[in-house]
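Below is one structure, written out as structure tokens; the observations come after it.
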Amino acid sequence: MPNLFGEIELGVAEVVPFDGGARAYSYSVPAGLAKTLQVGQLVRVPLGGRVSLGVVWKYPAEAPANTKLRSVILLEYEQPVLTPDCCRLAEWMAGYYGCSLNSVLETVLPAAVRKGVRPVLQRSLTLAKLPEKEVLEKMRRKAPRQAEALDFLSAQKGPVERAKLIAGLGMSQSAVDALIKQGLVHEEARVLWREAYKNPFAEGEVVPAAGHKLNPEQVAAVESAAQSLAKKTFHTHLLHGVTGSGKTEVYVALIRQVVAAGGSAIFLVPEVALTPQTVGRLRSRLADLGVKVVVWHSHLSAGERFDAWMAMSLGQSRVVVGARSAVFAPLHDLRLIIVDEEHEPSFKQGETPMYHGRDVAVMRASLLGITCVLGSATPSLETWRNAQAGRYILNTMAKRVDDRPMPAFRIVDMRREILHSKGQHMLSRELVQGLRERLEKREQAILFLNRRGHSRSLVCPDCGAVVQCPRCSVALTLHREDDTARCHLCNHQEKAPVLCPQCRSPKVRWKGYGTQKVEETLTHLFPRARVARMDADTMSKKDRFREILSDFRAGKYDILLGTQMIAKGLDFPRVTLVGIIDADLSLQLPDFRASERTFQLLTQVAGRAGRGDLEGVVVVQTFQPATDPIQFAKRLDFLGFASAELERRTEFGYPPCRHLIRHVFRGRSVDKVNFVADAWVQELNRLHPGLAEIRGPAPCPFEKIQDQHRVHLWYFVSGVKSFLAAMLPLRAKFLCDEEVIDVLDVDAQDCA
Ligand SMILES: [Zn+2]
Ligand SMILES: [Zn+2]
């Protein structure tokens with residue numbers, strides 16, 4: 001319809017307001033915005049009696065019939081904060097993960113952007129023209145400061161910051177404004193992104209970027225992905241390269257190609273704070289192209305996040321390296337998404353929306369028609385099956401760079417070891433001997449144990465009690481440094497008991513061990529060895545991780561001992577021994593992926609050995625030496641493991657043959673939780689018989705966390721969307737008990 005002037009068409013836009021209950025509303029677009037409004041921009045709109053921020057979802061849109069539309073009030077930022085494909089991606093996520101569009105937007109957009117925080121404006125001045133001589137002379141008498149400012153500006157080569165000029169010459173704001181008004185001075189307002197590149201943490205560990213002539217396998221992988229890039233259509237590659245095969249160099253080569261051609265790239269890593277080496281290497285390898293690499297991870301401050309996001313959405317940066325939520329980066333002309341260590345469970349978000357960063361990456365690539373590269377030495381079976389079926393292009397790198405040998409595996413049967421050992425039996429004789437030799441040769445060792453704390457549990461021999469957390473169904477762990485018993489689920493802490501809480505027996509004993517106790521034992525066995533321990537307890541300080549890794553690299557430590565933190569991507573040339581102290585831990589997980597996790601862990605941790613010129617050995621301690629994951633890992637046989645494991649999964653109908661959706665019910669009353677879960681299953685079966693194969697309800701492996709009793713159901717389905725389409729409306733009607741909360745986890749990675 002024509003506006004008051006009868007000339008400019010007022011458009012209609014659909015906007016998703018953040019306070020609006022997860023749907024799009026129609027608004028009219030004022031004439032002043034009609035030409036500039038774009039999908040993905042942040043706007044202010046009226047909603048009920050309030051004003052809400054929201055994202056332009058569709059523009060131009062159809063005007064709904066017979067409705068008087070309210071108008072968009074204000075455009076927050078000129079540049080869109082979401083790319084149009086990310087709007088479609090968010091819709092897909094809401095549908096696939098069964099959650100509201102608003103909860104998706106909360107994840108996708110940084111909080112400061114969602115709040116419409118104003119960026120810092122830098123206003124700079126340049127001389128537009130000098131006035132006529134007489135005018136200038138007059139000015140020198142009547143307004144000497146203004147004349148001085150003109151003199152100053154005329155002597156400068158570039159623009160001068162307004163604030164500096166005012167402070168330097170002692171001018172008033174209005175005097176400057178007057179000069180601008182007269183057309184003598186030109187002012188330019190620029191959004192200032194001060195923090196994005198200055199974060200010291202983001203600089204990454206400095207790694208020399210020497211020697212990157214690619215070997216034939218690397219060249220073949222780069223060429224294969226480059227063909228997909230050239231076609232500009234959707235392709236997914238699986239880069240299956242053994243540990244130490246130089247996958248990062250392949251990524252760097254591809255990113256360089258994309259950037260040189262004017263495009264952008266996203267590089268996802270499992271936890272960027274833990275891979276400072278990768279960041280450092282990427283920065284140094286892209287420096288010559290003048291590319292600013294934005295780093296995106298959970299340790300950024302709100303301001304840093306805001307700046308980084310805006311720098312990307314303005315097109316000032318074309319490469320982002322980050323953890324899973326970097327997959328939504330608003331980069332211009334995105335052409336490549338890389339997911340390194342695609343098998344890592346940390347790509348799955350643990351709270352709503354429980355999305356998988358890798359799967360969202362593939363989906364975004366398909367929406368944009370671009371190339372996605374997934375890399376791993378131990379691909380997830382989901383990805384492997386896609387490659388086997390020809391849906392992904394498989395690029396294999398079977399050799400380490402410079403033909404370095406793969407590390408040799410030594411499996412120690414701890415059942416025998418216990419018979420022969422006196423005193424401690426945490427560290428086998430073979431491992432102790434190996435450590436001794438490394439110390440003598442001044443080489444380094446890494447020891448891995450995925451359990452922090454000192455002793456695992458407090459057991460009473462008189463009444464058989466195991467001391468549990470009062471709020472969770474797990475045993476308390478001893479922490480020696482302050483003699484507390486702590487719960488690793490809820491962080492409950494109490495003074496370590498000396499009497500059995502049940503029968504008051506003084507004979508209670510701490511059993512089992514964690515990293516603290518191993519550290520004690522190492523210090524006892526090798527008093528002169530320099531041992532660094534790295535786990536959640538020692539890593540409370542923000543940059544401690546980087547410090548320890550740098551010191552270890554510099555040879556200030558002999559032995560690095562840690563939890564799963566140290567399993568990922570670290571590259572230390574002088575490490576020639578890796579010890580896995582308890583390989584059975586991950587086998588005991590109550591998880592159908594326990595074998596897969598164990599195989600991945602052994603292979604990844606072992607991959608830390610022998611990456612320099614010295615050969616590496618891996619010592620694996622286990623009570624179950626004959627199990628599949630240990631045997632296949634020992635033979636470095638991913639293909640064998642994957643085919644055996646896929647066969648087993650198929651037999652039991654587990655993923656990747658079907659999708660698995662976990663439905664958790666929790667509440668303070670165990671009876672009520674059970675009742676609701678049971679009633680729900682009956683209702684679902686009654687109204688939608690055969691919709692899914694349902695297993696459960698059953699108590700979760702962690703039956704109680706923070707006084708919340710937990711019960712879960714498993715749905716085995718072949719199509720997620722069709723299942724949810726039928727199930728969600730029923731859930732909305734049926735499950736509204738305030739005392740029982742239920743959470744859906746599509747493609748669950750966490751079974752506990
Ligand atoms: Zn007792
Ligand atoms: Zn607890």
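Along the sequence shown, the residues carry numbers beginning at 1. Both counts, for ligands and for their atoms, begin at 1 and track the order of listing.
- One finds no salt bridge joining Arg710 and Glu703 here, because no Lys/Arg side-chain nitrogen approaches an Asp/Glu carboxylate oxygen to under 4.0 Å.
- In this structure, Arg695 forms a cation-pi arrangement with Tyr654, its terminal cationic atom sitting closer than 6.0 Å to the ring centre and no more than 45° off the ring axis.
- Looking at heavy atoms from C-beta onward, Glu645 lies in side-chain contact with Leu381 at the 4.5 angstrom threshold.
- The tally of protein N/O/S atoms under 2.8 Å from the Zn ion (ligand 2) stands at 4.
- Partner of Tyr715 under the side-chain contact (heavy atoms from CB on, under 4.5 Å) criterion, chosen from Arg662, Glu693, Met727, His659: Met727.
- Rounded to 10°, the angle that SG of Cys500 and SG of Cys503 form at the Zn ion (ligand 1) is 110°.
- Between atom CG of residue Leu602 and atom CD1 of residue Ile630 there is a gap of 6.0 Å, rounded to the nearest 0.5 Å.
- With the Zn ion (ligand 1) as vertex, Cys463 SG and Cys460 SG subtend 110°, rounded to 10°.
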Enumerate donor-acceptor pairs with a distance under 3.5 Å from any side-chain N or O in residues 485-494 to protein atoms, sequence neighbours excluded.
unit_1 : atom_1 : unit_2 : atom_2 : d
Arg486 : NE     : Thr484 : OG1    : 3.1
Arg486 : NH1    : His479 : ND1    : 3.4
Arg486 : NH2    : Glu481 : OE2    : 3.1
Arg486 : NH2    : Asp482 : OD1    : 3.3
Arg486 : NH2    : Asp482 : OD2    : 3.0
His488 : NE2    : His479 : NE2    : 3.0
His492 : NE2    : Glu494 : OE1    : 2.7

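- In this structure, Ser103 contributes its side chain and Cys99 its backbone to no donor-acceptor pair below 3.5 Å.
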